[in-house]
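Some notes on the structure that comes next.
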Amino acid sequence: MKRLIAAGILIVLSIFICITAKNKVDDKTEKLINSVNNCRVQYNQMKYEQSLLTAINLEKEWVKSEKSLYFFVDRDLLQSIGEEVSLLKIYVKERSDEDFLSTSERITIAVKHLIEDESFSF
Amino acid sequence: MISTIFRTAVIYVCVILAIRIMGKRQISDMQPSELVITILISEIAAIPLQDASTPLLNGILAIFILVICEIVLSVLSLKIPKVRQAVSGNAIIIIKNGTIDQKAMKKVRMTVTELMELMRSKDVFDISQIDFAILEVNGELNIMLKNEYAPAVKRDISDKVASSSLPLAVICDGKPMQSAIDTVGTTQDKILSVLNSKNIKPSDVFLMTLDSQGNNNVILKDNTK
């Protein structure tokens with residue numbers, strides 16, 4: 001009976017961890033994707049100042065998000081996203097269209113990988 | 001470096017917890033499913049320790065799931081004999097009425113050399129002395145000797161055999177062990193009076209054993225001898 005209770009507790013704990021991880025990843029990545037999209041739209045509309053501000057805020061937000069995601073997601077993947085996010089503001093400052101677009105695209109793809117890692121698959 | 005220490009400590013606690021929940025058994029006594037789970041747990045526990053980029057929770061969660069699987073399987077095995085049979089297999093009679101069952105040996109892929117080795121590990125050197133030999137699911141060979149070779153027991157000599165009782169450690173390193181005292185069916189006062197009669201202080205006792213029939217054995221600490 002004790003072992004069954006222990007198993008029950010472990011099941012509840014495991015489900016809780018899975019749900020928390022999924023929610024956390026979905027929440028943080030959604031925010032990131034939205035900010036990257038905003039930044040891209042502003043850049044395309046030549047609102048460079050606004051785009052730069054969004055990129056700076058995005059980096060700050062990501063640094064915060066990264067810490068909580070370390071519990072659930074592969075650290076290497078998070079660090080590579082972090083590096084790309086920090087490059088974004090530099091490319092906005094330099095008005096380097098190609099680099100900005102490719103970096104924002106790389107961030108989107110990396111985030112998709114991150115979401116896929118957390119979803120159910122064989 | 002600090003995170004390595006922390007991760008190692010957390011994984012250590014989780015593995016200990018997992019092993020405790022699964023129950024205490026030696027590797028040689030494990031059922032096949034238990035052995036698989038134990039090997040898997042040790043492998044999985046090593047991954048987050050070796051690779052710092054892997055989240056600790058991945059390892060912990062995998063260990064939890066394995067423990068859950070093991071508990072569920074053991075409960076099902078307990079309740080449903082067919083599950084037990086499928087998971088653990090059946091004991092197989094290798095020697096029946098003194099005759100080796102060669103089909104059974106082929107079935108379990110056991111050679112004569114292995115059979116002889118297992119017999120010797122049970123202190124049986126002559127196959128003709130064996131009446132029955134059963135290969136258990138954990139790979140152990142249990143042997144029933146023919147009547148004429150079976151060792152004599154007290155019962156063979158006399159019908160009146162006094163029942164024995166288990167001596168328990170009632171004082172360890174000068175401290176009374178209340179659960180053992182309760183099991184033996186005595187009290188601390190009675191134990192103290194036994195020690196008083198021998199002019200021994202409880203604090204000088206290294207080990208005192210006592211059985212339910214009152215037989216005791218006292219070993220003093222080195223510095224009080």
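Convention: sequence-line order gives letters A, B, ...; per-chain numbering from 1.
- A distance of 11.0 Å separates CD1 of Ile63(B) from CG of Leu10(A), quoted to the nearest 0.5 Å.
- Nearest approach of Ile68(B) to Ser14(A), heavy atoms of both residues: CD1-OG, 4.0 Å.
- Around atom NZ of Lys22(A), more than 12 heavy atoms belonging to other residues, nucleotides or ligands sit under 6.0 Å away.
- The number of heavy-atom neighbours closer than 6.0 Å to CZ of Phe6(B), taken from other residues, nucleotides and ligands shown, is 12 or below.
- Contact count versus chain A (heavy atoms, under 4.5 Å) is highest, among Leu17(B), Leu61(B), Asp51(B), for Leu61(B).
- The two residues Leu13(A) and Phe64(B) make their nearest non-hydrogen contact at CD2-CE1, 3.4 Å.
- Atom NZ of Lys122(B) has more than 12 heavy atoms from other residues, nucleotides or ligands within 6.0 Å.
- Across Phe72(A) and Asn58(B), no two heavy atoms sit closer than the pair O-OD1, 3.9 Å.
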Inset, instruction - For the pair Ser53(B) and Leu78(A), evaluate side chain to side chain contact (heavy atoms under 4.5 Å, CB included) and give the outcome as yes or no after the intermediate values. - result: CA-CA 10 Å; Ser53(B) 66; Leu78(A) 292 177; over 6 Å; no
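- Of the two parts of Ile11(A), the backbone and the side chain both hold a non-hydrogen atom closer than 4.5 Å to a non-hydrogen atom of chain B.
- Residue-environment remark: CD (Gln178(B)) exceeds the threshold of 12 foreign heavy atoms within 6.0 Å.
- Atom CZ of Phe206(B) is surrounded by 12 or fewer heavy atoms from other residues, nucleotides or ligands within 6.0 Å.
- Both the backbone and the side chain of Phe71(A) come within contact range of chain B, judged by heavy atoms closer than 4.5 Å.
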